[in-house]
Amino acid sequence: MEEAPTEASLKRTSLGLDENVEGLLAYLLWWVSGIILLLLEKESDLVRFHAMQSTIIFLPLWIAIKIFSYIPLLGWIIADLLGLIGLIVWIVGMVKAYQGGERYKFPIAGDLAEQWLGKVEV
């Protein structure tokens, strides 16, 4: 398993946190923290990428879980499976972001995050 970046290799963000910590925070509250960091972070492209990817993955996933949870039985099973997938993606996203220095891209969402990141300059 990779070690966390050394003190010398960590960059500070405009919010005063290390990039790897702020990248982890982008996933912490699913799409909510992603949107918050997209709005607040001005300098770190790495953090903004993780925040955008978090938003792209977790907002539709959260909406789908809410919709399926209203459908008895089969919908509940699907909502639970989507929740399990969300948990796995959440953990992987936080670990990869904390390892720092890399733009770990989830399939589809990573490419969309890179494309859309330039369009959401604040």
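Hydrogens, waters and symmetry mates play no part in the numbers below; they use all other heavy atoms, side chains included.
- With contacts defined as side-chain heavy-atom distances shorter than 4.5 Å, the pair I77/D80 does not qualify.
- In this structure a side-chain-to-backbone donor-acceptor pair under 3.5 Å is present from W90 to Y27.
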Margin query: As a quick check of understanding, evaluate side chain to side chain contact (heavy atoms under 4.5 Å, CB included) for E41 and L15, giving each step before the final call.
Written below: CA-CA 7 Å; E41 180 55 48; L15 299 178; 3.9 Å; yes

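- Minimum heavy-atom separation, P60 to T55: CD-O, 3.7 Å.
- Using a 4.5 Å heavy-atom cutoff, the side chains of R12 and D18 are in contact.
- Rounding to the nearest 0.5 Å places CG of L38 at 9.5 Å from CG of L40.
- A search for side chain to side chain donor-acceptor pair (under 3.5 Å) contacts involving D111 returns K105, not counting sequence neighbours.
- Side-chain contact check for I56 versus Q53: every heavy-atom pair is 4.5 Å or farther apart.
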Margin query: For a side chain to side chain contact (heavy atoms under 4.5 Å, CB included) check, start with the C-alpha distance between L117 and F49, then their side-chain angles and the critical distance, and finish with the verdict.
Written below: CA-CA 7 Å; L117 199 53; F49 167 78; 4.1 Å; yes

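- F68 and L74 fall within a single hydrophobic cluster, where Ile, Leu, Val, Met, Phe, Trp and Tyr side chains are chained together by heavy-atom contacts under 4.5 Å.
- Closest approach of A51 and G34 over heavy atoms only: CB-O, 3.4 Å.
- Linking ILVMFWY residues whenever their side-chain heavy atoms come closer than 4.5 Å, directly or via other members, leaves L82 and W76 in distinct clusters.
- Y70 and I78 are assigned to two separate hydrophobic clusters, defined by single-linkage of ILVMFWY side chains at heavy-atom distances under 4.5 Å.
- Defined by atom type and a distance below 3.5 Å, a donor-acceptor pair is missing between the side-chain atoms of Q99 and Y104.
- Side-chain contact between W62 and W31 is present, with heavy atoms from C-beta onward closer than 4.5 Å.
- Between the CE atom of M52 and the CD1 atom of I35 there is a distance of 9.5 Å, given to the nearest 0.5 Å.
- How far CG of L84 is from CD1 of I65: 10.0 Å, rounded to the nearest 0.5 Å.
- Looking at L37 and R48, their side chains never come closer than 4.5 Å, going by heavy atoms from C-beta outward.
- When hydrophobic clusters are built by joining Ile, Leu, Val, Met, Phe, Trp and Tyr residues whose side-chain heavy atoms come closer than 4.5 Å, directly or via intermediates, I67 is grouped together with I85.
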Next item on the list: Could you go through the ring pair (Phe, Tyr, Trp, His ring centres under 6.0 Å) check for F58 and W30 one step at a time?
Entry: CA-CA 6 Å; F58 292 119; W30 283 34; 4.6 Å; yes

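- In this structure, CG in L25 is found 9.5 Å from CG in N20, a value given to the nearest 0.5 Å.
- With hydrogens and angles ignored, the 3.5 Å screen pairs no side-chain donor or acceptor of S54 with any backbone N or O of H50.
- In terms of the side chain to side chain donor-acceptor pair (under 3.5 Å) criterion, S69 has no residue partners (sequence neighbours excluded).
- The hydrophobic clustering, which links ILVMFWY residues whose side-chain heavy atoms are closer than 4.5 Å, places L87 and L81 apart.
- The backbone N or O of D45 lies less than 3.5 Å from no partner atom in the side chain of E43, so there is not a single donor-acceptor pair.
- Here the side chains of V92 and F106 are in contact, with some heavy-atom distance below 4.5 Å.
- Annotation for I108: atom CD1 does not count as buried by contact number, only 12 or fewer foreign heavy atoms lying within 6.0 Å.
- No donor-acceptor contact under 3.5 angstrom links the side chains of T13 and E19, judged on distance only.
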